[in-house]
K.L.:
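This is the structure I have questions about; it appears just below.
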Amino acid sequence: LFDFGALEVGMTSTPRAINVNPAAGNQSDVITSITEGCPDFFVTANGLPADVYRICETGIPNVTAIPCTTTELQSYQFTAQFQPNIGGATSCVVTVALASGATKTVTLNGTGTIPPIRIDVAPGAVPFGDVRRNTTSGAAQIAVRNLGGQNLSVTSVTTSTGFAITAGPGSTVIGPSGNQPYSVVCQPTAVGGLAGSFVVQSNDPVNPTVTIPLSCNGIDSNLDISPSPLTLPTTRVGEPVEQ
């Protein structure tokens, strides 16, 4: 049992090391997988499959009553972290599968706490790609979220020259767990790279100013590129998607 204690929603704990050791006596097995299916916890298990064994000697052949003296020991270590998405106590069962067919489990516990005010802006950057000069790109979506337990006051939302907000208020109040979407476009007037920012000012005492990098590349062409930017849907690791 590993208890991560209390952690604010949206934060990530430091990694906790968990050791898998062989039992007493001569033991040998192979760890084939370490899995968890919990949204608030994740494990990092490198180098699998991994051998775990203990070699010991009694000093007197065929005498098993004498305690084993370990002469060689191979353990395995993986790490676990806690990243609460909601407030409250939660737990997760991590399963260690062995080549022998046996499984071992360890339970992870943690408590998510709601901060008074916490702003979150996603995605962390918006690349528009190629956009014909003197035209307007397709709109990219940026979400301003309130992860706190009190109202978040957004005092201003602005973009750099060459970019524009086409939907979303300049100032607003977002309630707990609320979400305010914004649509942003790129409008290059010259050929070449264009860099800018989407800037949100709020009453978050820890992070009052959030800056999201914006970029696009102005081109001269008779070709129309659509959509721009291209937004790929969320997908699981190892399952590519095409647009």
Side-chain angles (χ1 to χ4, degrees), residues 1-116 118 120-125 145 147-149 206-207 232-242:
L1 177 65
F2 284 78
D3 193 342
F4 287 86
L7 188 68
E8 284 190 359
V9 170
M11 304 294 287
T12 302
S13 72
T14 56
R16 292 281 301 272
I18 301 174
N19 291 315
V20 182
N21 299 311
N26 285 297
Q27 302 288 340
S28 178
D29 214 326
V30 178
I31 300 173
T32 56
S33 67
I34 298 177
T35 57
E36 48 76 27
C38 318
D40 295 323
F41 298 87
F42 58 94
V43 300
T44 301
N46 298 318
L48 294 180
D51 294 324
V52 177
Y53 57 84
R54 182 193 302 273
I55 300 174
C56 61
E57 297 177 355
T58 62
I60 303 177
N62 302 320
V63 179
T64 58
I66 298 177
C68 161
T69 300
T70 299
T71 59
E72 191 171 350
L73 176 70
Q74 177 67 51
S75 299
Y76 178 78
Q77 186 178 88
F78 66 97
T79 60
Q81 289 178 268
F82 179 41
Q83 188 179 60
N85 295 300
I86 58 175
T90 185
S91 63
C92 179
V93 175
V94 178
T95 301
V96 180
L98 303 173
S100 62
T103 59
K104 301 293 182 179
T105 61
V106 58
T107 301
L108 310 178
N109 290 335
T111 301
T113 60
I114 303 297
R118 173 67 59 78
D120 179 69
V121 184
R145 301 181 293 180
L147 302 181
V206 177
N207 199 15
L232 293 172
T234 301
T235 182
R236 293 187 297 181
V237 172
E239 296 185 3
V241 296
E242 293 183 356

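Only this structure's heavy atoms are used, side chains among them; waters, hydrogens and symmetry mates stay out.
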K.L.:
Rounded at 0.5 Å granularity, tell me how far OG1 in T111 sits from CG in L7.
P.N.:
10.0 Å

K.L.:
Residues in side chain to side chain contact (heavy atoms under 4.5 Å, CB included) with S75, at least two apart?
P.N.:
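Checked S75 against side chain to side chain contact (heavy atoms under 4.5 Å, CB included); matches are N21, P22, L73.
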
K.L.:
Hey, could you give me the OG1/CD distance between T14 and Q81, rounded to the nearest 0.5 Å?
P.N.:
7.5 Å

K.L.:
Holding to salt bridge (charged side-chain N to carboxylate O under 4.0 Å, His left out), I want the full list of residues that pass it with D120, two or more places apart in sequence or in another chain.
P.N.:
R145

K.L.:
Tell me which donor-acceptor pairs under 3.5 Å the side chains of residues 30-37 have, and how far apart each pair is, sequence neighbours excluded?
P.N.:
from	atom 1	to	atom 2	distance (Å)
T32	OG1	A97	O	3.1
E36	OE1	C38	N	3.2

K.L.:
Mind jotting down which residue pairs meet the side-chain hydrogen bond (donor to acceptor under 3.5 Å, both in side chains) criterion with at least one end in residues 1-13? Sequence neighbours excluded, please.
P.N.:
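Listed by first then second residue: E8-R118, T12-Q83.
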
K.L.:
Might you point out which heavy atoms bring V9 and G87 nearest each other, and give the distance in Å?
P.N.:
CG2-N, 3.7 Å

K.L.:
Could you tell me whether a side-chain N or O of S28 sits under 3.5 Å from a main-chain N or O of Y53, the two making a donor and an acceptor?
P.N.:
no

K.L.:
When rounded to the nearest 0.5 angstrom, what distance separates CE in M11 from OG1 in T113?
P.N.:
9.5 Å

K.L.:
Can you name the residues that form a side chain to side chain contact (heavy atoms under 4.5 Å, CB included) with A17, not counting sequence neighbours?
P.N.:
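Partners of A17 by the side chain to side chain contact (heavy atoms under 4.5 Å, CB included) criterion, ordered by chain and then number, come out as Q77.
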
K.L.:
To the nearest 0.5 Å, what is the distance between CG (N109) and CZ (F2)?
P.N.:
11.5 Å

K.L.:
For a 4.5 angstrom cut-off between non-hydrogen side-chain atoms, does V43 reach I18?
P.N.:
no

K.L.:
I55 vs N26, test: side-chain contact (heavy atoms from CB on, under 4.5 Å). Steps then yes/no.
P.N.:
CA-CA 5 Å; I55 300 174; N26 285 297; 4.3 Å; yes

K.L.:
What pairs with N85 under side-chain hydrogen bond (donor to acceptor under 3.5 Å, both in side chains), at least two apart in sequence or on another chain?
P.N.:
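Only D40 meet the side-chain hydrogen bond (donor to acceptor under 3.5 Å, both in side chains) criterion with N85.
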
K.L.:
Would you call the rings of F41 and F82 parallel, tilted or perpendicular, taking 30° and 60° as the class edges?
P.N.:
parallel

K.L.:
Here's a test for you: under side-chain contact (heavy atoms from CB on, under 4.5 Å), which of V20, T44, N19, N46 qualifies with F78?
P.N.:
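So the option named by the test is V20.
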
